[in-house]
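For the single chain, residues carry numbers from 1 onward in sequence order.
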Amino acid sequence: MGIMTDLAEHRGTTVTAEAIDFIRGLHGSAFDSSSSPKHAVEIIEQQLADADHVSRRSSVRGDVLGDALLDRKHRIADLEVRLNQMEATLTAERERAGQLAAARPEVSELMGERDVLRREVARLGHELQEAREQRADAEARCDLLERQLEAVEHPAPLPQPMPQPMPKVLVVDDQPDNLLAMTAVLETLDQELVTVSSGRDALKALLHHDDFAVIIMDVQMPGMDGYETAAHIKRRPRNRDVPIIFLTAMGIDPEHTARGYAAGAVDYISKPFDPWALRAKVAVFTETHLERRLSNPIG
């Protein structure tokens, strides 16, 4: 639009709606031709490799923690046996002496060692549970990304109009150009798009609309950013199960993805986004939503 305005000022004419539509059509064609399924496959394959790496690393960490936990439990069991033996010895000494026998210092030391080991067992058990949950989450992401790869490599035919209401997709981005681009990319899918420009507007949209299949959320927004907005969404029982795709220009690194997954995101895509990858991700989430709707028509 800036170029069109500059050109109009230079020519001393006004920009017509027909000219704007023509340029947008050319831009859309160029945008589509600049991307390809091959690039989308590369993006998703890299995400799949990252998720698989997290899964394998969590599995190894779980094995190490499991071995350490078992070792501590065996040591506690050995201490219990020694303490029971000492208690039996002290009881026999009391009976022979007819009075209370003095407690042995080693008993207190063993009890202290046992308490330390019990605290380690509690800590290791908590860390083992976290490692198992991390592995389960990574495995779920692998399954999701494999479905997305299938959607890119073997796209399904355009769906026929459904007798039931179309699922909705909520797109949240403070940049109008990004909203326009995502609308153009996703309009070929059989779903209703709801676009808003802020986190607060996203929360309002979720109050006023039902049946969202997925939320595409920009991370960097003024005021309430994507992380904060996602956290608010996940605190609402009505919306907590709606999957969130984070759209980020900061790059997909472990720090950002960890924070995003902690806030409730289930997927990421980088700016400038690949249209094939975005369509595949949204199509898979929409398909999953429809499967869930059919299996639970009342809910």
For the residue pair A202 and T229, what are the closest heavy atoms and their distance?
-> CB-CG2, 4.3 Å
Check: L247 and V219 side chains under 4.5 Å, non-hydrogen atoms | no
Under the side-chain hydrogen bond (donor to acceptor under 3.5 Å, both in side chains) rule, collect the residues that match up with S55, sequence neighbours excluded.
-> E139
With the 4.5 Å side-chain cut-off for hydrophobic clustering, are I43 and L186 part of the same group?
-> no
Under 4.0 Å between a Lys/Arg side-chain N and an Asp/Glu carboxylate O for E120 and R114?
-> no
Run the salt-bridge test on D115 and R119 with the 4.0 Å N-O cut-off and return the result as yes or no.
-> no
Salt-bridge criterion met for E228 and K234 (N-O under 4.0 Å) | no
Sequence neighbours left out, what passes side-chain hydrogen bond (donor to acceptor under 3.5 Å, both in side chains) with Q148? Give chain and number order.
-> D267, K281
Are V266 and V54 joined in one hydrophobic group, where the rule is that I, L, V, M, F, W and Y side chains link up if heavy atoms are under 4.5 Å apart?
-> no
Ion pair K271/D218, N-O distance below 4.0 Å = yes
Please name the pair of heavy atoms, one in A230 and one in F246, separated by the smallest distance, quoted to 0.1 Å.
-> CB-CZ, 3.7 Å
Hey, is CZ on R236 packed in by over 12 heavy atoms from elsewhere, all under 6.0 Å?
-> yes
Would you call D137-R141 a salt bridge at under 4.0 Å N-O?
-> no
How about Q129 and E133: does a side-chain donor come under 3.5 Å of a side-chain acceptor?
-> yes
Hydrophobic cluster partners of I44 (side-chain heavy atoms under 4.5 Å) = V41, L48, L145, L149, V152
Decide whether H232 and R235 meet the rule of one side-chain donor and one side-chain acceptor closer than 3.5 Å.
-> yes
Any W276 side-chain heavy atom under 4.5 Å of V185 side chain = no
Is V81 isolated, or which residues cluster with it under the ILVMFWY side-chain rule of less than 4.5 Å, directly or via members?
-> none
Pairing residues for K73 by the side-chain contact (heavy atoms from CB on, under 4.5 Å) criterion, not counting sequence neighbours | L69, V121
Looking just at side-chain N and O atoms, do E80 and N84 make a donor-acceptor pair shorter than 3.5 Å?
-> no
Under the side-chain hydrogen bond (donor to acceptor under 3.5 Å, both in side chains) rule, collect the residues that match up with T183, sequence neighbours excluded.
-> none
R147 side chain to T288 side chain, donor-acceptor N/O pair below 3.5 angstrom = yes
